[in-house]
Amino acid sequence: MSPIRRHASVPFPLNFGKPAMSAIRHALNTKREDDFAAWYQEVISAADMAEESGVRGCMVIKPWGYGIWERMQRLLDDRIKAAGVQNAYFPLFIPLANFTREAEHVDGFAKEMAVVTHHRLIADGKGGLVPDPEAKLEEPLVVRPTSETIIGDAMSRWIQSWRDLPLRLNQWANVVRWEMRTRMFLRTSEFLWQEGHTAHATEEEAKAETMRALEMYRAFAEEDVALPVIAGEKPENERFPGAVETWSIEAMMQDGKALQAGTSHYLGTNFAQAADIHYQNREGREELCHTVSWGMSTRMVGGLIMTHGDDDGLRVPPALAPFQVVILPMLRDKPEDAPLLAYCEELRAMIAGQGALGEPVRVLHDTRPGKAAAKRWDWVRKGAPVIIEVGGRDMENGAVSLLRRDALWDAETGKPAFQSPSREVAAQSVPTILADIQNGLLVEARERREAHIVRDIDTMEGLAAFFGEDRKYPGWVEVQWSKPTGAALEKVVEQLKALKLTLRNVPMHVPPADGTCIFTGDPAVERVFVARAY
RNA sequence: CGGGGAGUGGCGCAGCCUGGUAGCGCAUCUGUUUUGGGAACAGAGGGUCGCAGGUUCGAAUCCUGUCUCCCCGACCA
């Protein structure tokens, strides 16, 4: 068996005469239920989103995958700017000394940093090149794993007075963390993200910013990615190195595992102290700033796949689809194609002239040579929300054949569930269909999540049974706990580790605790999610 | 980093044990016939077998090193 099951290899799975549902000839070889990890990789390759690069842990993001990321960037950036945060850009290289200033931060990242030590290569005499020993850097440069320290440097220069506060910056950038084990989009050595960094006069303001960013991520995830999430505070052991509080949004994947999809950290004055970010207050006294950082990464693309993908490939929420509608003329490579192309072009213009989800509809008239049916399956695997095929007969009837990606199959026949509206009706209904798909994906994901959250387990035995070997994709458990700290928390973490479980977050807006702690037996003070995690 | 597996035309694989002309399927290209649904037939192009050394008359095959990928573990805002 080869390392990666690439999609093109085996044309299609064979299906032996079974009626109805089971006769459906899915567009992927691997089903989610058979091997979720293999399915995930097949979606990425079949939807042409990304591929391995030959550099450890680094991927090439192909146009369809990158197009989805660009849409995420656009929509989140709009939200960031609407909140009054300004974009800026800081260097990729960070002086090593910056990292020695905040002790916990160093400990957290030291083991996974890429370091630049030379600035020149020299021939090794054997036809190769090696770093020139003469060109060794006086002080090594770290490739940023995150930019708190270098942005902190800038903040310390830019902030003098209480009038300079709050200072709220964001940058879109790549970062590098030398992870032991990588998975496309979910954990790559290099990844793309945005990181917001803000400085405030008071703890109160900084905490408000922390919560603002968290709420922004929740809204982005649910409204744009159609990804239902649970916002809450991370337990102490899951905190960002150097943070006072770490908050996250957590999403449930179709295999029941949790994915941290965005984080917001209240850093207290820890980084301000390390980078000397201080200001003169209204009374003329020097005060340290309270800083905050928040981030969302290309990991979100992985979350999208594992939430909305199905056995036919990806389903991209319309808000994020680079093309929301794809028109496929049934070409014959003959002169008679001309009127059909003109008919489709008119359809394209009708659709492009409309708005959906607050933007002009993004429609592609795919006129590449090739059979419409073959191209259709490509677009199904890529997850374009609406596919419209048009043949000569449609044209004669003034109609089109419309296929919704979220309702692909006719269960009766086991064939694609084409509708045949008139061209005008099809064009006019696109905005409604797109909005319906966007909402439908969110509802479907939320219902699936709620069906896989259990809240009535109050013993470790019960927890172990819930996540037992026979339970394939169990889900999450919300338990009550006494919020132990320090060594007592470590003990809990060890207990959970034995079951391959982690503490996710302490959800907001839930009823107060009213029972005993599942771990310690003490009176519980809050509720926390326990799950397997990516 | 520990254990296991794998790198051979674009993709999936066989060949390796037992060294001797680099093969198969899919994809691609050309032609013909088809085509309202994931076409058929015929022909053709494309690989210094991950990389670097070594053994040998001769290495995809044996030996050493190294890089990359996959799975499990450890690690991981």
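Values reported hereafter were calculated over all heavy atoms of this structure, with side chains retained and with hydrogens, waters and symmetry mates removed. The sequence lines fix the lettering, A, B, ..., with proteins before strands; numbering per chain opens at 1.
With both ends at atom P, the span from B/G20 to B/G15 equals 14 Å, rounded to whole Å. Comparing B/G19 with B/G10, their C1' atoms sit 30 Å apart, to the nearest whole Å. Nucleotides B/G58 and B/G65, compared at atom C1', are 23 Å apart to the nearest Å. Between the C1' atoms of B/A22 and B/C63, the separation comes to 23 Å (whole Å). When the C1' atom is used for both B/C41 and B/U56, the distance is 47 Å, rounded to whole Å.
Within residues 237-244 of chain A, the residues approaching RNA chain B are A/Glu238, A/Arg239, A/Phe240, A/Pro241, by heavy-atom distance under 4.0 Å.
Residues satisfying the ring pair (Phe, Tyr, Trp, His ring centres under 6.0 Å) test with A/Phe99, not counting sequence neighbours, are A/His105. A/Trp476 meets the ring pair (Phe, Tyr, Trp, His ring centres under 6.0 Å) test with A/Phe529; sequence neighbours excluded. Residues that satisfy the side-chain contact (heavy atoms from CB on, under 4.5 Å) test with A/Ser297, not counting sequence neighbours, are A/Phe191, A/Trp193, A/Arg299. Residues forming a side-chain hydrogen bond (donor to acceptor under 3.5 Å, both in side chains) with A/Asn237 (at least two apart in sequence, or on another chain): none. For A/Asp378, the side-chain contact (heavy atoms from CB on, under 4.5 Å) partners two or more places apart in sequence, or in a different chain, are A/Arg381. A/Phe36 pairs by the ring pair (Phe, Tyr, Trp, His ring centres under 6.0 Å) definition with A/Trp39, A/Tyr473, not counting sequence neighbours. Under the rule for a side-chain hydrogen bond (donor to acceptor under 3.5 Å, both in side chains), the partners of A/Lys207 that lie at least two apart in sequence or sit in another chain are A/Glu203, A/Glu245. With sequence neighbours left out, A/Trp64 forms a ring pair (Phe, Tyr, Trp, His ring centres under 6.0 Å) with A/Trp379.
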N/O-N/O pairs, protein side and nucleotides 44-47 of chain B side, under 3.5 Å:
none

Within the sub-3.5 Å range, which N or O atoms of nucleotides 73-75 of chain B have a protein N or O partner, and how far apart are they?
unit_1	atom_1	unit_2	atom_2	d
B/G73	OP1	A/Lys500	NZ	2.9
B/C75	OP1	A/Lys497	NZ	3.0
B/C75	OP2	A/Lys497	NZ	3.1

Margin query: Before you tell me yes or no, could you show the steps for A/His265 and A/Thr246 under side chain to side chain donor-acceptor pair (under 3.5 Å), namely the whole-Å CA-CA distance, both residues' side-chain angles and the distance that decides it to 0.1 Å?
Written below: CA-CA 4 Å; A/His265 315 286; A/Thr246 285; 2.9 Å; yes
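The residue A/Tyr534 sits apart from the nucleic acid: no heavy atom pair falls under 4.0 Å.
Of the candidates B/A77, B/U35, B/C71, the closest approach to any side-chain atom of A/Gln41 belongs to B/C71. If you check B/C70, B/A77, B/U35 against the side chain of A/Gln260, the one that comes closest is B/A77.
With hydrogens and angles left out, the side-chain atoms of A/Trp481 and A/Glu526 include a donor and acceptor closer than 3.5 Å. In this model, no donor atom of one side chain and acceptor atom of the other lie less than 3.5 Å apart for A/Gln260 and A/Ser248.
A stem is defined here as three or more consecutive Watson-Crick or G-U pairs, each with both distances under 3.5 Å; for RNA chain B these stems are B:1-7 with B:67-73, B:10-13 with B:23-26, B:28-33 with B:39-44, B:50-54 with B:62-66.
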